[in-house]
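First comes the structure, then the notes that go with it.
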Amino acid sequence: MEFLEHPHLIKILIAAFLAILFLQSGIDKVVDWKGNLGWLKGHFSQTFLKNQVPFLLATVTLTEIASGALSLLGIFQIITNLKSSWAYWGAVLSMLSLMMLFLGQRIAKDYAGAGNLVPYFLLALVASLLLK
């Protein structure tokens with residue numbers, strides 16, 4: 001079980017974390033679309049994005065699901081052939097997802113919410129460096 005050697009195990013765990021984070025978040029947005037849309041419309045009601053919320057929610061949802069799916073596929077790639085290109089692209093797309101969320105929080109002037117995203121971004125950044 002060569003994939004359980006230290007560097008590969010770390011890669012698997014990082015990809016698993018990102019897969020869980022983004023698949024759960026994206027699937028939640030799909031399952032509770034109306035609830036998320038309603039909350040976000042209120043959140044952005046005083047911004048220039050107020051009329052773009054459905055499009056932006058769809059974009060973030062698709063990006064999160066793609067991030068999680070690539071990370072999940074990356075786990076299987078690491079296990080089967082010790083390569084991590086899928087997990088790498090999952091981490092890169094995770095950073096893009098987090099940057100979109102961060103920008104939205106800043107525009108909505110939810111600075112605490114934006115700050116809560118920073119550790120996730122740093123993890124995705126480190127993940128992209130380790131998975132490259």
Side-chain angles (χ1 to χ4, degrees):
M1 300 215 137
E2 194 177 340
F3 68 88
L4 288 178
E5 291 177 15
H6 174 69
H8 301 295
L9 182 58
I10 297 301
K11 290 177 180 181
I12 290 168
L13 292 173
I14 288 172
F17 185 90
L18 293 175
I20 292 166
L21 175 66
F22 286 101
L23 285 173
Q24 185 281 325
S25 184
I27 291 169
D28 175 71
K29 286 175 176 65
V30 171
V31 171
D32 186 21
W33 180 263
K34 286 183 182 181
N36 281 288
L37 186 59
W39 185 84
L40 287 168
K41 281 184 176 183
H43 196 61
F44 289 104
S45 65
Q46 301 300 313
T47 73
F48 67 93
L49 298 175
K50 64 183 172 192
N51 296 323
Q52 303 301 317
V53 172
F55 171 75
L56 295 172
L57 178 57
T59 302
V60 167
T61 301
L62 290 173
T63 306
E64 286 183 342
I65 291 172
S67 301
L70 285 170
S71 297
L72 183 61
L73 288 171
I75 294 168
F76 295 108
Q77 184 185 37
I78 294 165
I79 290 171
T80 58
N81 66 17
L82 305 179
K83 301 217 185 285
S84 57
S85 58
W86 289 106
Y88 168 77
W89 287 109
V92 170
L93 202 51
S94 295
M95 287 189 292
L96 178 62
S97 298
L98 290 161
M99 287 171 47
M100 287 189 287
L101 293 168
F102 184 79
L103 177 62
Q105 295 292 55
R106 298 289 300 183
I107 289 171
K109 297 185 180 181
D110 181 358
Y111 301 116
N116 288 336
L117 296 171
V118 173
Y120 294 112
F121 183 84
L122 293 174
L123 173 70
L125 175 64
V126 170
S128 70
L129 295 172
L130 291 174
L131 294 166
K132 191 168 186 184

Set of side-chain contact (heavy atoms from CB on, under 4.5 Å) partners for [X], sequence neighbours left out:
{"X": "W33", "answer": "L37, L57, A58, T61"}
{"X": "A114", "answer": "F102, Q105, R106"}
{"X": "K83", "answer": "Q77, N81"}

Would a hydrophobic clustering, with Ile, Leu, Val, Met, Phe, Trp and Tyr connected at side-chain separations under 4.5 Å, put [X] with [Y]?
{"X": "V118", "Y": "F17", "result": "yes"}
{"X": "L72", "Y": "I79", "result": "yes"}
{"X": "L40", "Y": "V30", "result": "no"}
{"X": "V60", "Y": "F22", "result": "yes"}

Can I get a per-line list of side-chain donor-acceptor pairs under 3.5 Å for residues 92-99, giving both atom names and the distance, sequence neighbours left out?
from	atom 1	to	atom 2	distance (Å)
S94	OG	G90	O	2.7
S97	OG	S67	OG	3.2
S97	OG	L93	O	3.1

Would you give the length of the straight line joining atom [atom1] of [X] to atom [atom2] of [Y], rounded to the nearest 0.5 angstrom?
{"X": "I27", "Y": "D32", "atom1": "CD1", "atom2": "CG", "value": "13.5 Å"}
{"X": "L9", "Y": "K11", "atom1": "CG", "atom2": "NZ", "value": "11.5 Å"}
{"X": "M100", "Y": "L117", "atom1": "CE", "atom2": "CG", "value": "12.0 Å"}
{"X": "I65", "Y": "L70", "atom1": "CD1", "atom2": "CG", "value": "12.0 Å"}
{"X": "S85", "Y": "I78", "atom1": "OG", "atom2": "CD1", "value": "9.0 Å"}
{"X": "I75", "Y": "L13", "atom1": "CD1", "atom2": "CG", "value": "8.5 Å"}

Practice task
Identify the heavy atoms of N51 and P54 that sit nearest to each other, and give their distance.
Solution key: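 Scanning both residues, the minimum pair turns out to be O-CD, 4.4 Å.
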
Problem - Closest contact, heavy atoms only, K50 versus S45 - result: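 Nearest heavy atoms, K50 then S45: CD-O, 3.5 Å.
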
Mind listing the side-chain donor-acceptor pairs of residues 119-132 below 3.5 Å, one per line with the distance, residues two or more places apart or on another chain?
from	atom 1	to	atom 2	distance (Å)
S128	OG	L125	O	2.7

Exercise for the section: Keeping to residues at least two apart or across chains, list the ring-ring contact (aromatic ring centres under 6.0 Å, His included) pairs with something in residues 44-94. Expected result: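 Qualifying pairs, neighbours excluded: none.
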
Practice task
State, without any angle test, whether K29 and S25 hold a side-chain donor-acceptor pair at a distance under 3.5 Å.
Solution key: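 Indeed, the side chains of K29 and S25 share at least one donor-acceptor pair under 3.5 Å.
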
